[in-house]
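Okay, structure first, notes after.
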Amino acid sequence: MSERLVVIGSQWGDEGKGKITDYFACRADMVVRYQGGNNAGHTVAFDGNKYSLQSIPSGVFNPHTVNVMGNGMVVNPESVVAELQKLHDRGITDYQLFISDRAAMVMPWHSDLDGAYEAQKGGAKIGTTKKGIGPTYSDKYSRIGLRIGDLLDPEYFAERLKAALEVKNQELRMLGLKEYDFQEVYDRYMQLAGKIGHMITDTSALINEALRSSDKKILFEGAQGMMLCCDHGTYPFVTSSSPSASGVPVGAGVAPKWIDNVLGVAKAYCTRVGEGPFPTELFDERAHEIRERGHEYGTVTGRPRRVGWFDAVVARYTGMLAGIDNWALMLFDVLSGLDKVMICTGYECDGELLQAPPSTISRLARCKPVLIEMEGWKEDISGVRSYDELPEAAKAYVRKIEELTGIPVGIISVGPDRTQTITVSEKLKNF
Ligand code: IMP
């Protein structure tokens, strides 16, 4: 029987999924991305080098690993080609990459529209990455979108492009934006097809074949984080897909029964980029200290990330929704040196004590975190390689997170490098 592992972000994205996926990708036969697009920014570090990936799965550094961009993604061929070029420039040329013929295709107008919709919202803007993610998903569900597989059939692609441009140019005109010329777009996308056409295939068939084989290890790599989930996150300050484990069956084209091992990646504190309520947010010197130490600046946009304490309300909620089996507790070393560390155990809102996030952001914005204070630790733990070597105060912090969430911490990360990873869970050790 194949072995599966789903790695998801359990907060607001940027939890360190790239590192964890890369850590398991070394042993995985297949790595599958199933939602989102080049709004993601996954940082992978090894052998003293640092790489940043946007839409390409994190298993691309291992020549034996099959990398799949699933049907649930929104794929920008221009950006895929640019990302591949960057990898080539740094000597990463030996990889296996397949792109779903059913994946929604990001077109040039989607980022223009993303920017225009944000501008229209004024003070209520979402703070999107302006990569056209939302507009591409909107077109997919409005059934006027183009798909990656269309590129393999130039006549059909031309037909779909004409139909889309009729609608989109009208919208662009109304918004005072530049309209697109059929021939220019057609020629450019056919050029891109020449570069990625050989990677386009029915990836669901590929994944299902691997799932059914007895000795394959398959990793599903989530992007963003569950609090950015369009259904369960801090709507409308969310992304347009489902970063949860429940996004896997639809976004990869596999049956739900295959989803049985979910690793929730969580920072030892919390961060958020973009707008939207963030109950444990810190505004003082400690935020600055954590931000600098954790290099908390967006991989895609370079924006400084907002910083706050670990939120067990969020962790319980995402743990429940995604059926998280283990936590991967990331950037634990960043908390070293603080006198006290805090964990949020509940929210106080309108005289009530809440154990889960409310559905509206107006209510969430009124939530005050109920914090417990714990002893900090002074020791630099970036060289620690086993749980037993951790300072007692750091162990107590880990145990408190397990107690508050009811989910064991299976991995502790104490630095960006592959080697700075403490795997506690036997199941994860054996993956
Ligand atoms: P969009 O996905 O570009 O539409 O942006 C919607 C929201 O999701 C914004 O708040 C973004 O900052 C956030 N977001 C999108 N992708 C990521 C990511 O990979 N990490 C963190 N936040 C993200």
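Whatever order the structure lists them in is the order used to number ligands and atoms, beginning at 1.
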Name every donor-acceptor pair, under 3.5 Å, that has one atom in a side chain of residues 121-128 and the other anywhere in the protein, sequence neighbours excluded.
residue : atom : partner : partner atom : Å
T128    : OG1  : D114    : OD1          : 3.0
T128    : OG1  : K130    : N            : 3.1

In a table with atom names and distances, give each donor-acceptor pair under 3.5 Å that connects a side chain of residues 244-259 to protein atoms at least two apart or in another chain.
residue : atom : partner : partner atom : Å
S244    : OG   : S246    : N            : 3.4
S244    : OG   : S246    : OG           : 3.1

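With sequence neighbours left out, the side-chain contact (heavy atoms from CB on, under 4.5 Å) criterion links N71 to S100, R102.
Listed as neighbours of ligand 1 are W12, G13, D14, N39, A40, G41, I126, G127, T128, T129, Q224, L228, V238, T239, V273, G274, R303, each bearing a heavy atom under 4.0 Å from the ligand.
Salt-bridge annotation for E281 and R272: absent, with no side-chain N of the basic residue lying under 4.0 Å from a carboxylate O of the acidic one.
Taking the six-membered ring where the residue is Trp, F61 and F46 present perpendicular rings, their angle passing 60° and hence far from 30°.
Checking T421 against K19 by side-chain atom types alone, a donor-acceptor pair falls below 3.5 Å.
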